[in-house]
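The structure appears right after this line, and notes come after that.
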Amino acid sequence: PVKFMAYVGDADPGVDMFSVQEAWFVGFVQGTAFGKSLPLTRTNIWNNWLLGFNNSTTQGAGYAAGWAVGTKGATSAQFPDLSVTTVRGSGHMVPEYKPLAAYVLFDSFFNNRNLPYASSP
């Protein structure tokens with residue numbers, strides 16, 4: 001399946017995280033015939049993610065929520081198909097305002113790795 005991630009800076013005055021979650025996941029997934037046909041399961045609810053891998057730092061980078069399509073068992077919480085991720089302290093241009101957090105976020109997504117969570121989702 002195709003993975004999808006929406007990310008937003010939590011200090012963005014124009015596009016807040018609640019609008020992103022509402023528009024993409026509640027509006028599209030639950031509000032369209034295609035979306036209603038997807039068997040979605042909530043895998044994690046706003047878990048805190050960190051700036052480093054292997055618990056190399058305890059600095060929080062934001063929060064992530066995810067949904068799995070279908071039944072994938074134990075791996076669904078680690079690798080959600082749909083996710084909304086916030087970047088703490090960032091404005092609209094996340095890579096410009098928080099380059100390290102953007103790198104960890106994109107590296108995890110494109111390499112199909114879990115974000116470094118403060119605790120297991």
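Counting begins at 1 with the first residue of the sequence. None of the values given here were measured: they were computed from a predicted structure.
- Although no hydrogens or angles enter the test, the distance criterion places a donor-acceptor pair under 3.5 Å between the side chain of Asp10 and the main chain of Gly89.
- Considering only heavy atoms from C-beta on, Leu115 comes within 4.5 Å of Thr85 through its side chain.
- Judged by distance alone, the side chain of Asp12 and the main-chain N or O of Gly14 form a donor-acceptor pair under 3.5 Å.
- In terms of hydrophobic clustering, with Ile, Leu, Val, Met, Phe, Trp and Tyr side chains grouped at heavy-atom distances under 4.5 Å, Met93 and Phe106 are assigned to different clusters.
- Of all heavy-atom pairs between Thr86 and Trp49, the closest is O-NE1, 3.1 Å.
- In this structure the side chain of Lys3 never reaches within 4.5 angstrom of the side chain of Leu82, judged on heavy atoms.
- For Ser90 (side chain) and Tyr97 (main-chain N/O), no donor-acceptor pair under 3.5 Å exists by modelled atom type.
- When all heavy atoms are compared, the tightest approach of Val94 to Gly9 is CG2-N, 3.8 Å.
- Both Val15 and Val84 are part of a single hydrophobic cluster, where members link through side-chain heavy atoms under 4.5 Å apart.
- When side chains are defined from C-beta on, Met5 counts as touching Leu105, because their heavy atoms get closer than 4.5 Å.
- With rounding to the nearest 0.5 angstrom, the CG atom of Asn48 is 5.5 Å from the CZ atom of Arg88.
- Although no hydrogens or angles enter the test, the distance criterion places no donor-acceptor pair under 3.5 Å between the side chain of Asp107 and the main chain of Tyr103.
- The distance from the CD atom of Gln59 to the CG atom of Leu50 is 9.0 Å, given to the nearest 0.5 Å.
- Taking the six-membered ring for Trp, Tyr7 and Phe109 have ring centres at least 6.0 Å apart.
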